[in-house]
Amino acid sequence: MSDDAADREPAMNRDERDRRRKLAEIEDLGVPAWPSRFAASHTLEQAAETFGDLDGPGLDAIPEAERTVRVGGRVVAIRSFGKAAFLRLSEGPGTLQAHVRRDVLSERDFAVSKALDLGDWAGVTGPIFRTRTGELTVRADSLSFLAKALLPLPEKWHGLTDRDTRYRQRYLDLLGNPRTREVFRSRAGMVSAMRRFMDGEGFLEVETPMLQPLATGAAARPFQTRHRALGIDLYLRVAPELYLKRLVVGGFPRVYEINRNFRNEGLSTRHNPEFTMLEFYRAFSDCADMMEITERLVIAAARAVRGGEPAVFGDEEIRFEKPFARVSLLEVTGAALKEHGVALEDDDLRSAAPLAEAHRQLDLPLPPDESAGKLLLSLFEALAERRLIQPTFVTGYPVEVSPLSKASPDEPGITERFELFAGGLEIANGFSELNDPDEQAARFGEQMAKRQAGEEHAMDWDYIEALRHGLPPTGGCGVGVDRVAMLLTNSPAIRDVILFPHLRPREGR
RNA sequence: GGGCCGUUAGCUCAGUUGGCAGAGCGCUCGCCUUUUAAGCGAGAUGUCGCAGGUUCGAAACCUGCACGGCCUACCA
């Protein structure tokens, strides 16, 4: 892509020329084309609420001065009768109709109304009344031009359907599709409910570095950048985990962070390179405590969006109700294997050779690291994960796939860790935090020894030093906020719950 | 990476057997002072994704490419 192509202004089409001509008409009338402010008395929603209970005679009985409003919005429909017109104004969740009349408006204001295009911003002042058909309407005694839309709105019946445009020009999607607005209002309500929940549980909201000298806390490929003044490479964080636990060492026993993580990996319906994670840590807690609080958190989030109703997700109905199902990785994977005609005893599910053989039988690619734990997890992800529709805690994760989790005192090779699934999506991951600095250093060492090309694993000595100062018994959990939002808004793709998802850059623009 | 589908007016989309490039919305002009996808009349839409090829003739058929979508694969 050349700079020329990137910098070139898009060619002006006929629509824009027409609209610029009407803008000039408005300026010729002496009306400011781009005024700074508009002192509205009500939002459109407030105006509709305030007067919505009154019928026509009821409104007429009120003196005009007491039902006069000053409201602004985007003009989304114009029905003109020559010497009068109806303008539908839209702003945020509100919408209201205005009636402009030649015998009511000043000559100049009426001329401005004739020069309006769909998409322009305008304000009107006048009394509220009901039309013959009963619609709540403002009689425009004066009209204020607020801003010009030089480009047309998307088509009004079908709305904007092209996926690419919906993601790249999200404002058009929001403008034309009420459903899109609803998804993002729901998401905001959900995040807000999550914060209220954490605050109510006595957690302190904190912010930890996005730019980290080592990309720690998860085994994902990081984005790399450069700090010029310090002369060092930095990574966008793949997880906040190790910083949050440093805060527990520092005497904040309950901390949480809702923020972005960045992973330099493929895009899919379930993956965006930057995604939002809620992570929380609580001292004197273990894996079981984390399952209990995660369950309540997710139910609170679901209630905020769905009320008491089950979440509809594709063909499924997901019930976020206590108690969530609990299964072990071993049993759920074993059962899934059996259904695929591969019967393995529990001992086989703990041994690399039979698990690798199962991959061959089912024609599944082997993971690069062929430890028993990794192979078991690979089978789980291939066969079992997608079938976990109702909220289900999976427990019993092997040590070799859980480098930050405390090992179980009872079951050798198993950690005190869970993942929560719903709608076939992984939505949370929590565990008893490994707080023995020597064991943590040993685990990091094993990870480094097994790292694959392109992966970044490094010994975080600074974190080990923090552990050496004493991390109390602590439970932690990370919740995939985007994925929970997908489930609660019936969105099949993560792009549908991220306002500006990452896409391949458009050529020649 | 693989498979399938798509790309035609600003938007949403038709386009039959290869024979003048179409509809609705939006736009322009005219009429219309209570409409609700307002209505009536008239009008203009365009690099049919790009490049080749076949053909008297290609939006359509063939080849290649680009871009996008879905599925799949990869991915803690």
Side-chain angles (χ1 to χ4, degrees), chain A residues 1 10-19 21-22 56 76-88 95 97-105 110 117-119 129-137 139-140 149-169 172 175-176 217-221 238-239 241 261 263-271 273 363-365 367-369 373-374 377-378 380-382 385 397-398 400-405 417 419 426 429 447 450-452 454-455 457 478 480 492-493 495 503-509:
Chain A
M1 184 175 9
M12 200 186 300
N13 64 28
R14 196 185 47 256
D15 286 310
E16 182 164 0
R17 279 200 304 274
D18 287 342
R19 283 164 177 261
R21 186 172 47 72
K22 287 197 185 169
V76 295
I78 300 174
R79 287 183 283 274
S80 168
F81 295 83
K83 298 186 184 64
F86 290 96
L87 310 177
R88 172 150 299 283
T95 178
Q97 175 173 271
H99 191 208
V100 302
R101 300 168 58 123
R102 190 177 187 175
D103 59 1
V104 170
L105 283 172
F110 187 72
D117 282 310
L118 287 182
F129 71 104
R130 279 192 190 274
T131 62
R132 191 178 291 163
T133 54
E135 173 136 0
L136 208 61
T137 304
R139 186 188 78 208
L150 292 171
L151 296 175
L153 296 174
E155 203 254 6
K156 72 175 179 182
W157 291 353
H158 307 85
L160 181 65
T161 56
D162 179 70
R163 281 177 177 276
D164 195 49
T165 307
R166 284 186 49 214
Y167 297 138
R168 288 186 198 279
Q169 293 176 273
L172 294 179
L175 214 50
R221 292 185 193 187
V238 296
E241 174 152 357
N261 290 343
R263 297 191 181 176
N264 202 345
E265 287 167 358
L267 287 70
S268 80
T269 50
R270 296 176 297 278
H271 299 86
D363 205 22
L364 295 170
D369 156 22
K374 186 75 198 173
L377 196 61
S378 157
F380 168 78
E381 286 169 358
E385 175 172 345
Y397 283 79
E400 55 266 39
V401 295
S402 314
L404 300 166
S405 308
R417 175 184 171 195
E419 288 191 331
E426 179 196 338
N429 175 24
Q447 242 189 329
K450 284 189 295 193
R451 76 179 150 196
Q452 305 298 314
E455 286 184 8
H457 292 290
R495 284 175 174 180
L503 302 168
R504 188 174 285 112
R506 202 153 35 165
E507 295 293 320
R509 286 292 301 265

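Just so you know, these numbers use all the heavy atoms, side chains as well, and skip hydrogens, waters and symmetry mates. Each chain gets a letter, A, B and so on, in the order the sequences are listed, and its residues count up from 1.
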Test item: Arg263(A) side-chain N/O and Val238(A) main-chain N/O as donor-acceptor pair under 3.5 Å
yes
Between the side-chain atoms of [X] and the base atoms of [N], is any donor-acceptor pair under 3.5 Å?
| X | N | value |
| --- | --- | --- |
| Arg79(A) | U35(B) | yes |
| Arg101(A) | U33(B) | yes |
| Glu135(A) | U35(B) | no |
| Asp103(A) | U33(B) | yes |

Counting side-chain heavy atoms from CB outward, which of [options] is closest to [X]?
| X | options | result |
| --- | --- | --- |
| Pro365(A) | U28(B), G69(B), A73(B) | A73(B) |
| Thr137(A) | U28(B), U35(B), C70(B) | U35(B) |
| His271(A) | U33(B), A76(B), C75(B) | C75(B) |
| Pro403(A) | U28(B), A76(B), U35(B) | A76(B) |
| His99(A) | G10(B), C70(B), U34(B) | U34(B) |
| Lys22(A) | G69(B), U28(B), A76(B) | U28(B) |

Paired nucleotide for [N] [Watson-Crick or G-U wobble; both distances under 3.5 Å]:
| N | result |
| --- | --- |
| C48(B) | none |
| G1(B) | U72(B) |
| U7(B) | A66(B) |
| U35(B) | none |
| A58(B) | none |
| G43(B) | C27(B) |
| A21(B) | none |

Residue whose nearest RNA chain B nucleotide is more 5′ - Ser402(A) or Tyr167(A):
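Nearer the 5' end of the strand: Tyr167(A).
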Assign each of Gly217(A) and Thr269(A) to its nearest nucleotide of RNA chain B by heavy atoms, then name whichever residue's nucleotide is nearer the 5' end.
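With Gly217(A) and Thr269(A) compared, the 5'-side residue is Thr269(A).
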Report the distance from atom [atom1] of [X] to atom [atom2] of [N], rounded to the nearest whole Å.
| X | N | atom1 | atom2 | result |
| --- | --- | --- | --- | --- |
| Asn264(A) | C74(B) | CG | C1' | 14 Å |
| Lys374(A) | C75(B) | NZ | P | 8 Å |
| Gln169(A) | G10(B) | CD | P | 14 Å |
| Glu16(A) | C11(B) | CD | C1' | 16 Å |

Rounded [atom1] spacing from [N] to [M] in Å:
| N | M | atom1 | answer |
| --- | --- | --- | --- |
| C56(B) | C20(B) | C1' | 16 Å |
| C29(B) | U35(B) | P | 25 Å |
| G49(B) | G6(B) | P | 13 Å |
| G46(B) | G10(B) | P | 7 Å |
| C4(B) | U63(B) | P | 12 Å |
| G18(B) | G69(B) | C1' | 29 Å |
| A60(B) | G24(B) | C1' | 23 Å |
| C11(B) | U17(B) | C1' | 31 Å |

Nearest-0.5 Å distance that lies between atom CG in Leu175(A) and atom CD in Gln169(A)
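With rounding to 0.5 Å, CG (Leu175(A)) is 11.0 Å from CD (Gln169(A)).
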Give a yes or no on this: more than 12 heavy atoms of other residues, nucleotides or ligands lie within 6.0 Å of atom CZ of Arg130(A).
yes
Show me the protein contacts with nucleotides 3-8 of chain B, counting only N or O atoms at under 3.5 Å.
none

Step-by-step side chain to side chain contact (heavy atoms under 4.5 Å, CB included) determination, His99(A) to Val104(A)
CA-CA 10 Å; His99(A) 191 208; Val104(A) 170; over 6 Å; no
With Phe380(A) via ring pair (Phe, Tyr, Trp, His ring centres under 6.0 Å) - residues at least two apart:
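Ring pair (Phe, Tyr, Trp, His ring centres under 6.0 Å) check on Phe380(A) returns Phe421(A).
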Qualifying residue, where the test is side-chain hydrogen bond (donor to acceptor under 3.5 Å, both in side chains) with Ser268(A) and the options are Glu265(A), Arg270(A), His271(A):
His271(A)
Does any non-hydrogen side-chain atom of Arg417(A) lie less than 4.5 Å from one of Leu404(A)?
no
Would Leu377(A) and Glu385(A) count as a side chain to side chain contact (heavy atoms under 4.5 Å, CB included) if you check the C-alpha gap in whole Å, the side-chain angles of each, and the deciding distance to 0.1 Å?
CA-CA 10 Å; Leu377(A) 196 61; Glu385(A) 175 172 345; over 6 Å; no
Taking only the side-chain nitrogens and oxygens of Arg132(A), find out if one of them lies under 4.0 Å from OP1 or OP2 of U35(B).
yes
Output a table of nitrogen or oxygen pairs between the protein and nucleotides 30-32 of chain B separated by less than 3.5 Å.
unit_1	atom_1	unit_2	atom_2	d
C32(B)	N4	Gly82(A)	N	3.2

Option from Ile78(A), Val100(A), Thr131(A) for which side chain to side chain contact (heavy atoms under 4.5 Å, CB included) with Phe86(A) holds:
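The option that passes is Thr131(A).
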Check the pair Leu136(A), Gln97(A) against side chain to side chain contact (heavy atoms under 4.5 Å, CB included), reporting the backbone distance first and the verdict last.
CA-CA 7 Å; Leu136(A) 208 61; Gln97(A) 175 173 271; over 6 Å; no
